[in-house]
Structures are given as structure tokens and as C-alpha cells.
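Here is how names work: the chains are called A, B, and so on, in the same order as the sequence lines, proteins then strands, and each is numbered from 1.
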There are 2 protein chains.
Amino acid sequence: MLTDRQLLILQIIIDDFIQYAQPVGSRSLSKKESITFSSATIRNEMADLEELGLIEKTHTSSGRVPSEKGYRYYVDHLLSPKKLTKKEIMAIRSIFAEKIYELETLVQKSAQILSELTSYTAIVLGPKVSENRLKRLQIVPINEDKAVAIFVTNTGHVENKMITFPEKIDMSELEKIVNILNEKLAGVPLSELKDKIYKEIANILRKHIRNYDILLKLITGTLNVGHEKIYFGGKTNILSQPEFRDVSQIQTFLDFIEQEDELYDLLKTNPSGITVKIGTENKISAMENCSLITATYSIGEKQIGTVAVLGPKRMDYSRVISLLKFFSKDLSQVLTKLYQG
Amino acid sequence: MLTDRQLLILQIIIDDFIQYAQPVGSRSLSKKESITFSSATIRNEMADLEELGLIEKTHTSSGRVPSEKGYRYYVDHLLSPKKLTKKEIMAIRSIFAEKIYELETLVQKSAQILSELTSYTAIVLGPKVSENRLKRLQIVPINEDKAVAIFVTNTGHVENKMITFPEKIDMSELEKIVNILNEKLAGVPLSELKDKIYKEIANILRKHIRNYDILLKLITGTLNVGHEKIYFGGKTNILSQPEFRDVSQIQTFLDFIEQEDELYDLLKTNPSGITVKIGTENKISAMENCSLITATYSIGEKQIGTVAVLGPKRMDYSRVISLLKFFSKDLSQVLTKLYQG
DNA sequence: AATTAGCACTCGAGTAATATGAGTGCTAAC
DNA sequence: GTTAGCACTCATATTACTCGAGTGCTAATT
């Protein structure tokens, strides 16, 4: 258990380092007004904190720098929520104020504004399409062996995929199937479509339509939606951070970002609420100098997406957390109002 | 007019610099086997070439480096087409071999493979949607004041946009309009839709449908397609080039790439065939150390998109040009076969 | 027992001095 | 016209040196 004085010192070290990105020494610490004891005392306390693994030296005679464990402790125990400024609140509200009906645009703007407010990189995992409900299925023939299957959902999202017919297809039968599917499947979440089709609809079709199985297979084959789209804001913001001085590091980092699938794994599995992952806690080498703070957003009670801020380990946790909390709550409210029910 | 010897020297200087990114001196030049005269002679010739503005020094006693004018001369007069290796041809053909029906995927893969072959950044400007022909228009209501307009084209491309109704709309009338439009407009290029609607169809509608103008405005309002999508391959490849040593340069460059609209301007206005833009010829400060080589691709005779390679000014022009020529020809062939008529 | 002053020591960062070598232009000889 | 020779230039690397912010430890002070 840490003493109050140790907590104070740890807090100041981390706060200072977050602000200036420079190792913090005992002498400069002793000049802070909240500190009433001497630099020698601080040195002693620092030695203890170092032994506990909360801070580190970069070389024998350098000041101290927070360790990963130190950041973790800081986030878990020392963080005081920062109140948002009017300006910040206004900036966020401004997105929701203008009536944007395209979900995509809304999400893209969100990433934009979050990156501007934080000067870090904002990442938004788009709404889970699989949670959307089917509004209409349409199949449009392109030529004799190709067609496009189009799924429109309750949020106005349009998903489409090419179908290639293995043999000549009777268009009128295809049309019949589509009609039946529309009738029976309206309002069903996309994730349950396949299941529902085979459990409840296949039987009906069997009675009415020859070759129903081939056609059905083609349609359900288009239902494997890829992963949700990832939206970025300020992709290069993080490069201005002093920790990204050398080019090779930049390159691995950007490659990781561009790659998207690892990033997607990082974002998709999130419990609701705020999550903070520091450095190696992300389990990805390109991220070992970064921290990722995520929040989830939802329509009604249904959690449908994630919004995140990616910055250096030395990021302003307190501020980013407050921003994300506020932001995700607002976003959820707006979405719920727009698409609930 | 340059003498043969001057041409030879210029050629070797540029070839050498392209390969090693180091200023080329008279002594190291004199050791090349194609050179039979002494370094002193070379120095004299170099002085002349410098006076002509084709090469430069980085400082008083440095070797020579090609100037922008030098590169331009090299590209215009000294370039010998490089024969592609079997491996390269195979790599390109492999994309077209697997039957990919989604145009998007095909284009994305193209960017991918081109960047891998060149180790530069590949950029592909997606097929001009406006040249696609309308296959089917569909309007799907989402709730009482919103709907999605969906345009399916002859290539299987699906364009969609949200519509918000200003007032209560009679759905049956909307349906009528959509039916008429589909009947009259099938096969018309998207770019001509608006025109055709107002010139030929408005009159017909007037007779049948109340409020036809409001509905029509809503529909045509969705027809302003944004710019074509830009696909990238090896976005960060160019960062490994030695000319991108400092971080701020990287950042301006990446910001330019991410921005997309300036880049789009650069790509859209291209005459058919190969184009080479060197350094400041691109008229964009973030590109002043880069060269851009573009080629166009087409369906039938109709030019529909651009494929480009972005590298340092010091890029391997000969090889990239050969690759792009081959690639764009093949791509056009495949597309023509798939979507012609 | 806790705190602090004092001191020797460490090490990164900056600066200045110096050597190295690949390059140049010019001149005079071939 | 070509080339050898030479003095000169300048970026780069190496070295030595200083400076200062930092440390840990010890002994004196509270």
C-alpha cells in the first residue's frame, strides 16, 4: 500500500510527464507548490516507487518516467475526471445538431471531431450491420448469369453483393422466392437471417418452387457480411507526438493501422463502457508505445459499435476518458432517437 | 543539342542516382565500363550539363544530382522500355485469372499488386460511376419521412442515398414514378440521367401524377455522385525511400494522401495513355519530391478510370512505365470482356 | 525515526577541434 | 580535344571536452 506522499509524488510525476514528455527529476519536482518536502526526501520516495515498478529511469542518472504498471495504477486509482469545457461540449453537440441522416456520414464526422479535440487519432468502428433489421431484399439481374443481391436495413444501410448463377435460372422463380423472403423476413436482424431462412422458410419454399435449394444457397451465400467498416480521424495526428521520432517506427505503426484486421480485433471485443489498454496490454508490437481508450455506443439497449482514441502511452487519459464518455452517451442518444423501433 | 557523349553521361548519372540515391561524381563515373574517357573530361562535360540545367550539385564540392529538368529530359529522350520479367507478367495475370466479379475487389487487388511490384505507392481511381448505365432504380421507404434511393448499374455497381421527404408523400405515386423512370431510363449512363429526366420524362409524368415535381426533385437530388473512390496499395511504401527522412515531411505527405480531394484532381484529368508528372509539375507542394505516373483504363473505347504509381522523383521510370502500360492494357481487356455491351 | 544538506558520481546533450575523403574547377602538358 | 596534376571545398565522422540535471549515499539536523 502506498503512502499519501508516495501517491502525491507518483501523480505529479505522471501528470508532468504526460504534459512535457521529459523525465521528471527530484529537484524540479520539489519546486511544485503542492510539495512541501525536500528533493532528497523525494529521491528516497522515488527509489521506493521504482522498486515497486511504478516508475523507471531511462539511464542511471536520469529523472523518472512512468512505467506501464505506473500508468495502469494511475488510470485505476489516481484519475480525477476532467470537466469538459463549454467549447468541447459545443464541438461535440454541433455534429449531432445538424440533421444528418446518413449513418456513415455521422460516424465519419464523429471520428473527425474526436481527433480534432484530442489531437490524437480517433477510430470509430461502424455500426454493426448484423444488428440492423432487414427492411427489404432485392435481386437485380445484371446479365444472364449475374445479379446483385441488395439488402436494405432499418437504418437505411444498403448492403450489396454480386451473385453468379451456376446455370440458367428461371427468373420468375427467383422473384417468387424474393417475395416470400421479404414477406417473412422483414424486421429480422441480419445476423439471424440465415438461421431463420433454413429453419422456417425453407419448408414453405419447398412446396412452391423447384430448385429452391440452389437459389436459396446463392442468396444466403451473400449474407456473410465482412467486418464493419473502420472510420478514422486524424490518422497522422499521432505522428506529431515526440515518441514517434524515427521513421521505421512510424512505418510499422502506419502499416498496422492500414492493415485494419488486427485493429478490428482490438476494437470489436469490447465490454460496454470505457476501456483503457496501455502499451503492451494491447498485445500487439506495433502498439507497445500506444494506449487505446475505447467506449461503446448503442441504439436503445443494443450495443452496436465502438468509438476509440489512440494516442501515445503518455496520453492525457483523464481528458480523453471524459470526452469519450460524454461523446458515446450523446451519440447513443441521437442514434436511439433516430432508429429506435 | 546534346552530343552523344553528353547524353551518355547524363543517362549514366540519372540511372546511377535512381539506383543508389547518392550524388554521382566524375571519378566513380569514369570507372563504369561504358566510359572510355577520363574523369577530367567528365568534369568538363558535367559542367556543361549543369549549365544547361540538367544536373545540379548539392553543395560546391559534391557530385551531381539530376535536376527536375534533367529527369524530364531523361523521360522524354533517354528512356528505353524495360521488358517485363516472366514473374511480373505472372503476378499481374494472376489477378485477372481468378474470376472476380466485384469490380471493387478487382480494382483493390490491382492497387495491391502494383504496389508490391514497384515498392512504391499505387493509386487506382475507381471506375467512373457516371459512365455506368442504369440497370434499375429502386426506392425503399425506411420510415414515414425517409427512404433510400438505390441505383443499380450495368456493372453491378450499387449507388445509394438517403432521401428525406419534406411532407407526407403518397407512396403509390412515388412507385408510379419509379416504374416510369425504370421503363424509360434503362441503359442510360448515369451522367445523362438528370438531363434526360427533365427533357423527356417530366412531360410524361406531368400528365399522370400530382406533385410529380417535388418527387422528381428528390430523386434527381440523389444523383450528384461524389467523386470516384480512390484505392491505395502500399500507402506507406514510399516512406522507406531515403528521401523521406524527416517526420514533418512524412506528415505533410500523408496528410495530402489522406485528404484525397487534391489527389483526386491530380488523377481525374488525364489524357488516355501514359502520363509522367515530375516533382513540381504536379503543382502541389506536398508532391514536389515525388513523381506520379498515370495510365488510363477503359471498357471498350470508353475511358473509365486511372491507375497510377506514386514514387520519389528518383523512381525507376522505365520499369514503372512498362508495368503500367502492360497492366492497364490487360485490365481494360478484362473489363471490356466482362461488361461490354 | 524521519528529513534534509552535502557531496561524489553518472550520463546525455551540446560544442568545438580535427581528420578524412569524395568531390570540384582550373591550368598546363600531351 | 583530352588528360594529369593540384589546390581547394565541404559534408561526415571522430574525438575530446564541458555542462547540467539527475542520482545514491552518508552524516547532520529536527
Main chain of [Y], side chain of [X]: is a donor-acceptor contact present, judged purely on distance under 3.5 Å?
{"X": "B:Glu262", "Y": "B:Ile284", "answer": "no"}
{"X": "A:Lys69", "Y": "A:Leu52", "answer": "yes"}
{"X": "A:Gln251", "Y": "B:Thr236", "answer": "yes"}
{"X": "B:Arg314", "Y": "B:Ile18", "answer": "yes"}
{"X": "B:Ser67", "Y": "B:Leu54", "answer": "yes"}
{"X": "A:Tyr71", "Y": "A:Tyr317", "answer": "no"}

Can you name the atoms? Protein N/O to nucleotides 9-12 of chain D N/O, anything below 3.5 Å, with the distance.
unit_1, atom_1, unit_2, atom_2, d
D:dT9, O3', B:Thr60, OG1, 3.0
D:dT9, O2, B:Ser61, OG, 2.4
D:dC10, OP1, B:Thr60, OG1, 2.8
D:dC10, O5', B:Thr60, OG1, 3.2
D:dC10, O4', B:Ser61, OG, 3.2
D:dC10, O3', B:His59, ND1, 3.4

_Given C:dT24, D:dT23, C:dT4, identify the nucleotide with an atom nearest to the side chain of A:Met46._
D:dT23
*Closest to side chain of B:Arg43, choosing from D:dC6, D:dT3, C:dT3*: D:dC6
Distance check needed: [N] [atom2] versus [X] [atom1], whole Å only.
{"X": "A:Gln22", "N": "D:dG22", "atom1": "CD", "atom2": "P", "value": "10 Å"}
{"X": "B:Ile42", "N": "C:dA22", "atom1": "CD1", "atom2": "P", "value": "16 Å"}
{"X": "A:Gln6", "N": "C:dT3", "atom1": "CD", "atom2": "P", "value": "11 Å"}
{"X": "B:Glu51", "N": "C:dT24", "atom1": "CD", "atom2": "P", "value": "16 Å"}
{"X": "B:Ile9", "N": "D:dT2", "atom1": "CD1", "atom2": "C1'", "value": "13 Å"}
{"X": "A:Leu29", "N": "D:dA21", "atom1": "CG", "atom2": "P", "value": "15 Å"}
{"X": "A:Glu45", "N": "C:dT3", "atom1": "CD", "atom2": "P", "value": "7 Å"}
{"X": "A:Tyr20", "N": "D:dA21", "atom1": "OH", "atom2": "P", "value": "16 Å"}

Protein-nucleic acid N or O pairs under 3.5 Å, nucleotides 13-19 of chain C:
none

*Side chain B:Arg27 and base C:dG23 donor-acceptor under 3.5 Å*: no
*Neighbour count above 12 (heavy atom, 6.0 Å) for A:Arg27 CZ*: no
*Inspect the surroundings of NZ in A:Lys57 and state if more than 12 heavy atoms from other residues, nucleotides or ligands are less than 6.0 Å away.*
yes
*How do A:Asn44 and A:Gly25 order along DNA chain D: which one's closest nucleotide is nearer the 5' end?*
A:Gly25
Is [X] near enough to [N] that one of its side-chain N or O atoms lies under 4.0 angstrom from OP1 or OP2?
{"X": "A:Arg5", "N": "C:dT3", "result": "yes"}
{"X": "B:Ser62", "N": "C:dT24", "result": "no"}
{"X": "A:Lys57", "N": "C:dT10", "result": "no"}
{"X": "B:Arg64", "N": "C:dG25", "result": "yes"}

*Under-4.0 Å salt bridge between A:Lys313 and A:Glu243*: no
*Do A:Glu258 and A:Lys235 sit within salt-bridge range, that is, some charged N less than 4.0 Å from a carboxylate O?*
yes
*Axis deviation across the helix from C:dA1-D:dT30 to C:dC30-D:dG1, five-pair ends, to the nearest 10°*: 20°
*asked:* When you compare the side chain of A:Arg5 with that of A:Phe37, does any pair of heavy atoms fall below 4.5 Å?
replied: yes
*B:Ile55 and B:Val24: side chain to side chain contact (heavy atoms under 4.5 Å, CB included), yes or no, with the steps?*
CA-CA 10 Å; B:Ile55 54 181; B:Val24 191; over 6 Å; no
